[in-house]
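Reading through the C-alpha cells given below for one structure.
All values derive from a computational prediction rather than experimental measurement. Only heavy atoms go into these numbers, but all of them, side chains included; no hydrogens, no water, no symmetry mates. We name chains A, B, ... by the order of the sequence lines, and we start the count at 1 in each one.
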4 protein chains.
Amino acid sequence: MLNKVMLIGNLGADPEVRYMPSGDAITTIRLATTRRWKDRNSGDRKEETEWHRVVFFSGLAKTAGEYLKKGSQVYVEGRIRTQKWQGQDGQDRYTTEIVAESMNMLGSRSGGTANYSDNNTPPPSSYDQRPSAPSSSSGPQSAPASYDDFDDDIPF
Amino acid sequence: MLNKVMLIGNLGADPEVRYMPSGDAITTIRLATTRRWKDRNSGDRKEETEWHRVVFFSGLAKTAGEYLKKGSQVYVEGRIRTQKWQGQDGQDRYTTEIVAESMNMLGSRSGGTANYSDNNTPPPSSYDQRPSAPSSSSGPQSAPASYDDFDDDIPF
Amino acid sequence: MLNKVMLIGNLGADPEVRYMPSGDAITTIRLATTRRWKDRNSGDRKEETEWHRVVFFSGLAKTAGEYLKKGSQVYVEGRIRTQKWQGQDGQDRYTTEIVAESMNMLGSRSGGTANYSDNNTPPPSSYDQRPSAPSSSSGPQSAPASYDDFDDDIPF
Amino acid sequence: MLNKVMLIGNLGADPEVRYMPSGDAITTIRLATTRRWKDRNSGDRKEETEWHRVVFFSGLAKTAGEYLKKGSQVYVEGRIRTQKWQGQDGQDRYTTEIVAESMNMLGSRSGGTANYSDNNTPPPSSYDQRPSAPSSSSGPQSAPASYDDFDDDIPF
DNA sequence: TTTT
DNA sequence: TTTT
C-alpha cells in the first residue's frame, strides 16, 4: 500500500513542459542520482549513476518548469508508476517513471534570485501538490507561480 | 526543509481520543518500534524498543480512533514536532511527538472485519490527510468512517 | 544522491530464487501496491495497483526466499535500478526494478509460525542487508535463517 | 519495526564534537527544518521552524565534524531515540534526538572547496555509516577523511 | 540558532 | 545528460 520514492539529484537537462488540452502543464525531468562505494575486494572506488524520469502534474508542473533547470539539485518525493505501451512492432513495452508528489529545490543558498529567472519572484523552496484543491491560480498570467497555493493548516 | 518520519510499529494501548471545542477529534497513540541487532563483540542478540507518541488530527484522528487498538500494527508517516511547556516548578520542559500525516493499517489480511469494531465496515487500509479540504463527513453519525474523504485525482 | 524506495505491499506469487555460481542466492518477487482515491468530479472510488519487481541479494535473498510467500505483506526499502538489455530484434529495452536493501515482514503477529515453514523458527521481523560483512551463516543446514547476521552496535 | 527519520535542513551552529575514552568521536548538530503553509482562513503565509538535535557516531561523527558548519544544508537519515535522565530535582526528564545513520551534504555545487576547511580534500557528498565494519581509517592524520570507508559491493 |  |  505504500509506494514511496525519495530522490535527491541533479537535472541532466532543462525540464520539458507540455500542455494538456485543459491547459494544465505536465513537466518532465531527467534526474541523476549517483551511488558511490568501494569494491569489496579491490578496494577501488566505484560509482554508478542512475537516471530517473520524473513527471510533475498541475501546480507542481508549473513550478518545476519555471524554477528547475539543467544542473539544479532537487529533492523529489513521489511514487513509482510503470506504463505499458506498444512498440511499432506491436510488442508490449514498459516505461517506469516517478510521479512527483512534492519537491524542494536544494542548495539555493548561494545565489538567491540569480538561480532563477529574470523577475524577482521569490524562489520556491518547498511545494506540496494538493491535487484535490481547486486550481486557484486562475486565469492566464496570474501572479508569478505562487508555489504554495494550498492551505495546510492543522488545528492546534 | 524536509522533516519526515516513517514508523511501523504496534500500539501499546488503545488510542486516546479527545475533542476540540470545534468538535474535531485529536487522537494520540503510543507506538513501539523495536530494533534488533547483534552485539559486535559478544555476538549476543540485543533489542531495544522505542516508544513514540503519535498525534492525529481531523479526519485522520477519527479514523485512528475508530480502527486502531492496542496491539494493532500500523504504518505512520508524519513529521517531528517538539513542544515547549512549563513544569510546575516553572522550568521549561520539552515534549517531542510525531504529527501524523498519513497512516496505513497493516497485517489486516488475516481477519478482515474481525480486527475492527462490531459493524461490517471495510477496514481502512490507507488514509491520507488533506487538512485543507472541507471536512466532508458531514453531520453526526454519518456513514461509518469514510477513510478517504478527499480527492486525489491526478490528470493523465 | 539519494535514491530511496519504500514499499509496503503483498506478493503476487511465491518468490523466485536463483543461485549464482558463487552459491549466493538472488531472490525476486512481484510486489503489489494499491493506491485508492476518489475521483474529483464523479466522486467515485477508484483504485490502481502497481506491480514492482523487487530483487534481493546475499543474505537478504536467503531470508526472502525462505520466509516470503504468495500473499505475504512486506515492507521493502531499497533503490531504483534500471537495466538496459537487447531485445531479439536488436533494439534496446529497459527494465526497472527495486534493489532491496532491507525488508520487514508485516502482520505476522496473528499467525505466528503458521505463516512460515514447518519448523518452529521465529519469523524474521526485521532484516538489514550488510553486503560488506562476511556471510557468517556458513555451511549448509546451519541454524534456520538467522535473519540478523550482522552487528549493528553503536557506541554509547 | 521501522523507525526512520529523514531531514533536510540547515545547521544553526557549528557541530560540537566530543570524544569517547575509546577515541571515537561523537558529533552533535542542531538542524532547522522549516515548514511553510498558508492559513486556511486568513490566507496568510505562515512558517514554523523545528529544531532537531542530531547525533553522529563513529566515522560519520568524524565526517560531520569536519565538513559541516553553521549554515550548511544537509540531508540526514536516521532514527528517533528518546533518552531518559534525571533532573537535579530528581524528576524524570526525556530528551529526543535523531541518531544519524547516513548523511549527504547538499548544495555544494556553488562553493566547491570554499565550503570546507583549508586543505583541498574533496568534500564528502555521501556517507553511509556501517557501524560493524572496522574503523579502517586508523591513526592520527591518516588520509583526509575518507568518507566511504566501507564496501558496499553487491553481487550483480 | 539556520535557511529562504 | 547532471553533479562531486
(message) Any N or O donor-acceptor pair under 3.5 Å from the base of F:dT4 to the side chain of A:Arg36?
(response) yes
(request) Round to the nearest Å and state the distance from A:Arg53 atom CZ to F:dT1 atom P. (result) 18 Å
(message) Salt bridge check, A:Glu77 against B:Lys4: does any charged N sit closer than 4.0 Å to a carboxylate O?
(response) yes
(message) Is the positively charged end of D:Arg53 above the ring of D:Trp51, judged by distance under 6.0 angstrom from the centroid and angle within 45° of the axis?
(response) no
(request) Between E:dT2, E:dT1, F:dT3, spot the one nearest the side chain of D:Ala32, thanks. (result) E:dT2
(message) From CD of D:Glu48 over to P of E:dT3, roughly how many Å is that when rounded to an integer?
(response) 20 Å
(message) How about CD on D:Gln91, more than 12 heavy atoms from neighbouring residues, nucleotides or ligands closer than 6.0 Å, or not?
(response) yes
(message) I need the CG-P distance between D:Leu11 and E:dT3, as an integer number of Å.
(response) 10 Å
(request) Could you state the atom-to-atom distance from CH2 of A:Trp51 to P of F:dT3 in whole Å? (result) 8 Å
(request) In whole angstrom, give the distance that lies between atom NZ of D:Lys70 and atom P of E:dT2. (result) 5 Å
(request) Examine the base of F:dT3 for any acceptor or donor lying under 3.5 Å from a partner atom in the side chain of A:Thr49, and report the outcome as yes or no. (result) no
(message) Expressed as a whole number of angstroms, how long is the span from D:Glu47:CD to E:dT1:P?
(response) 15 Å
(request) Take the protein atom CG of D:Asp14 and the nucleotide atom C1' of E:dT3, then report the distance between them rounded to whole Å. (result) 15 Å
(request) Mind calculating the distance between CD1 (A:Ile29) and C1' (F:dT3) to the nearest angstrom? (result) 14 Å
(request) Taking atom CD of C:Gln88 as the centre, report whether more than 12 heavy atoms of other residues, nucleotides or ligands fall under 6.0 Å from it. (result) no
